[in-house]
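Below: one structure, written as structure tokens.
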Amino acid sequence: SVILPVHNAELWLDECLESVQQQDFPGTLELSVFNDASKDKSMTIIEKWRPKLEDSGILVVIGGHESPSPRGVGYSKNQAIAQSSGSYLCFLDSDDVMMPERVRLQHEAAVQHPTSIIGCRVRRDPPGSTERYTRWINQLAPEQLLTQVFTANGPTVIMPTWFCSRAWFSHVGPFDEGGQGVPEDLLFFYQHLRKGGRVLRVDQTLLLYRYHPHAATLSVLETTIWTHRVCFLEEWALPQWASFTIWNAGKQGRRLYRSLTAASRCKVVAFCDVDENKIRKGFYRYEEAQERPKPRVPVLHFRAARPPFVLCVKLDLTGGEFEENLRSLQLQEGRDFVHFS
């Protein structure tokens, strides 16, 4: 079942639906469309495509509502899944385009990995937009699909590329239905990991991933994403450690420290850095803290710091110096790292 939520998508639907028709998957294919209160010509386009798709052997199921306001992406996906019948779910955004082999290749992977979310590489449109993010999507190594789950970019396989079994989705889901501003994909991804799910990527470009001002992801505030990430870090990683060091005594490192619960802050034994000015100060004093006296956390040179570490550094923006420093420490047995920022 191709799961397609739709809200005011008339600009892209022809290309999107044509890409469904062109799939080379040899099995039975179903398209489940849920119209979330579109006010444009989306439904006219969908009805136009319905006989074409059905003539191609694709079952088409259409649902929706005409309320004054949309209910949101999470609700629409849940409804599209509920009205569908396939054993596997292929998620598709109405502004994106699938390559003809997408369903076939991801289905093959999902059959072999029934408790995994399967992603793929993407081609961004327009070319060059969100260049750093697109490179991150496509170039994560297989093991990084799990080790980089705390990074600022969200799920390590992006939602428009998801493919999984219905049985596994039912075990993990449904999506959060909080509406606009809720990162329903990130919340589902975290729950998937809690349930022991794995993450895989088909290393072929199987989706044209569009970037435009009306994309639903742009409605989610960075502060919302940050809050969810910190909570999951505290739940999934920090309980394993009696203490830890925050690598970065600058803005992002201090922000992480202030965002932690009091119990987690007590585990922070130091910040570490390479900036002599920060190190020379000797400590960071948390002025906004309710405790008396105010917490003071030492600031050390990274070679004097003790593991484990939470890294609050953007890895590809340091001219290679940070990576070299980190590599020198990773050569020492027993060094533990979580990459957060």
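Side chains included, hydrogens not; waters and symmetry mates left out as well; all remaining heavy atoms used. This chain uses plain numbering: 1 for the first residue, then up along the sequence.
With rounding to the nearest 0.5 angstrom, the CD1 atom of Ile3 is 4.0 Å from the OG atom of Ser84. The CD1 atom of Ile81 sits 10.5 Å away from atom OG of Ser76, with the distance rounded to the nearest 0.5 Å. Within the model, atoms NE2 of His171 and NZ of Lys195 stand 4.5 Å from one another, a figure rounded to the nearest 0.5 Å. Taken to the nearest 0.5 Å, the SG atom of Cys312 stands 6.0 Å off from the CD1 atom of Ile246.
With no hydrogens or angles considered, a side-chain donor-acceptor pair links Asp36 and His65 at under 3.5 Å. Judged by distance alone, the side chains of Gln148 and Thr156 never bring a donor and an acceptor atom under 3.5 Å apart.
Dense packing is recorded around NZ of Lys294, with more than 12 heavy atoms of other residues, nucleotides or ligands lying under 6.0 Å away.
Within the 3.5 Å criterion, the main-chain N or O of Glu30 finds no donor-acceptor partner in the side chain of Ser1.
With sequence neighbours left out, Phe283 forms a ring-ring contact (aromatic ring centres under 6.0 Å, His included) with no residue at all.
Within the cation-pi definition used here (under 6.0 Å to the ring centroid, within 45° of the axis), Arg124 qualifies as a partner of Tyr209.
Using bins of under 30°, 30° to 60° and over 60° for the plane-to-plane angle, the ring pair Phe244/Trp241 lands in the tilted bin. Aromatic ring pairs are classed by plane angle as parallel below 30°, tilted from 30° to 60° and perpendicular above 60°; the pair Trp162 and Phe91 is perpendicular.
The other members of the hydrophobic cluster of Phe34, by chain and number, are Tyr75 (side-chain heavy atoms under 4.5 Å, ILVMFWY only).
Comment: Asp125 engages Arg210 in a salt bridge, judged by a side-chain N to carboxylate O separation of less than 4.0 angstrom.
Shown here for Met99 and Leu208, the closest heavy-atom pair between the two residues is CE-N, 3.9 Å.
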